[in-house]
Number of protein chains: 2
Amino acid sequence: MTEQHLAQNTENSLESPTLARRTFDSIKSDIINGQLAQGTKIVESDLALKYGISRGPLREAIHRLEQIKLIVRIPHAGSRVITLDTKMMEDIYTARESLEGMAARLAARLMPEAEILALSELLDQHEASISETEGKAYFQREGDIDFHFRIAMASRNQWILENLNGELYQLIRMCRHQSGQFPARAQTALDQHRQIAAAVERRDEELAEILMRRHISGAWEIVKKILEDQND
Amino acid sequence: MTEQHLAQNTENSLESPTLARRTFDSIKSDIINGQLAQGTKIVESDLALKYGISRGPLREAIHRLEQIKLIVRIPHAGSRVITLDTKMMEDIYTARESLEGMAARLAARLMPEAEILALSELLDQHEASISETEGKAYFQREGDIDFHFRIAMASRNQWILENLNGELYQLIRMCRHQSGQFPARAQTALDQHRQIAAAVERRDEELAEILMRRHISGAWEIVKKILEDQND
DNA sequence: TACACTTTGATTGTTGACAATTTATGACTG
DNA sequence: CAGTCATAAATTGTCAACAATCAAAGTGTA
């Protein structure tokens, strides 16, 4: 277990100049893909040993993880990996609906033609990947996030971009991972993405926002059902 | 200068059990009300001395200040107090418009009657404070934030609440402070608040959201003018 | 004089030890 | 036997010293 983390560290050592940052990345992916289960108690000395570093940088990593809400922390009492419940996910999807709706509006106003073209090509790729023999569930997920990421980028709004990327998408990724495979909604999602892209291309801010909000609240309805079915 | 901070610390020592947290609060208010000017270089050892603590907890405070975007930080190069420019404030007001619009919608759906009543009484107080001889600019500002805070609370959405309180309002407070006194827009704002409250009372989600968004984008237009006038 | 290089100084990143606090354990008492 | 208090273990919070890194001052050369 130590070896894999060492490998990961040396692998990331180019992109993250600081030890705390690299550890943050490591723990983050460990949480997102479930290697650190929800509700796990975090003991600083144990984790420091596991990742082969001292408590100082580990502490910094934990604090950053707390800020993006992957870890819950109580002074003097310790910290645990977050446990996703339905209410929290609803809050997150609602906030995302609001923020990404605005992002779509801004994208319709500001996105350069070249980027719109590239977005359209991305959707073509997705179309192709759906036609291929399935099993590309993972690819579809990342493709979905990719589309939403580009809209967020196009908003040219730093605050919205950072919060979607840094916090909301992470939690949604985690939720998806824990909930296992999702139903084959890929075609529906792609159609909606196309409509949104079309609205952006027509510079129809109002429509772009409305469609994005519908798209996300629709996604939430499905996630919600899955979460509720799991609680049986 | 040391004395005031010591006083502040002992004052907060009941609510914040940890030294890092208290220092975080101290530096935060120092930044917001301008005692630490924008763009000031932050030197850890200096600040640690100034606040009478070690670099460890100070570092934690700085990291949290970075997360709420009051401090900008570059690895190995140090950190500075943020400098508010027009673009950043526009991003923040836009994000706020989106989030608080959603909050108003949720408030219209979920706010209990008792809270709506209390909200109405709050607005009565504001009305009274406006009638009084002026000079209550400070009070009006805090009153304004109070109203928006209650709507955010009523949304029952933890994520939205935390982000409005923890980050956006802080930056807006800071911007207001730096921009000096604002024009006497109190009556206009109060009227708009009343309309929003009325929409919430009627459980008209759509209208509540629209009115809130107009209210905030209107506020931004005014702030924007002031900021642009300052750049002469 | 301008430019590249080296070296020095200052500042951040990291570490391990120490202090303060909480939680768990167990004895004592009603 | 239940409940409460005191003690002990484990864990977090804090500190001061050490190592790594960056920015600037200074030196030498074309």
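Every value quoted in this text rests on a predicted model; they were computed, and no experiment measured them. Residue numbering restarts at 1 for every chain, and letters A, B, ... go by the order of the sequence lines.
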According to side-chain contact (heavy atoms from CB on, under 4.5 Å), who are the partners of [X], at least two apart in sequence or on a separate chain?
X        : result
B:Ala154 : B:Ala107, B:Met111, B:Glu115, B:Arg156
B:Arg105 : A:Arg213, B:Met102, B:Arg109, B:Glu205, B:Glu206, B:Glu209
B:Thr86  : B:Trp220, B:Leu227, B:Asn231

| query | Quick one: B:Ile62 CD1 to C:dT12 P, roughly how many Å, whole number? | reply |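 About 8 Å, once rounded to whole Å.
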| field | Per-nucleotide protein contact string for nucleotides 12-19 of chain D (B base, S sugar-phosphate only, - none; heavy atom under 4.0 Å) | value | BBBBB---
Could you list the donor-acceptor pairs under 3.5 angstrom formed by side chains in residues 72-81 of chain B, with sequence neighbours left out?
{"from": "B:Arg73", "atom 1": "NH2", "to": "B:His63", "atom 2": "NE2", "distance (Å)": "3.3"}
{"from": "B:Arg80", "atom 1": "NE", "to": "B:Gly39", "atom 2": "O", "distance (Å)": "3.2"}

| request: Kindly write out the residues that satisfy side-chain hydrogen bond (donor to acceptor under 3.5 Å, both in side chains) with B:Asp91, not counting sequence neighbours, or none if the list is empty. | output: B:Lys87
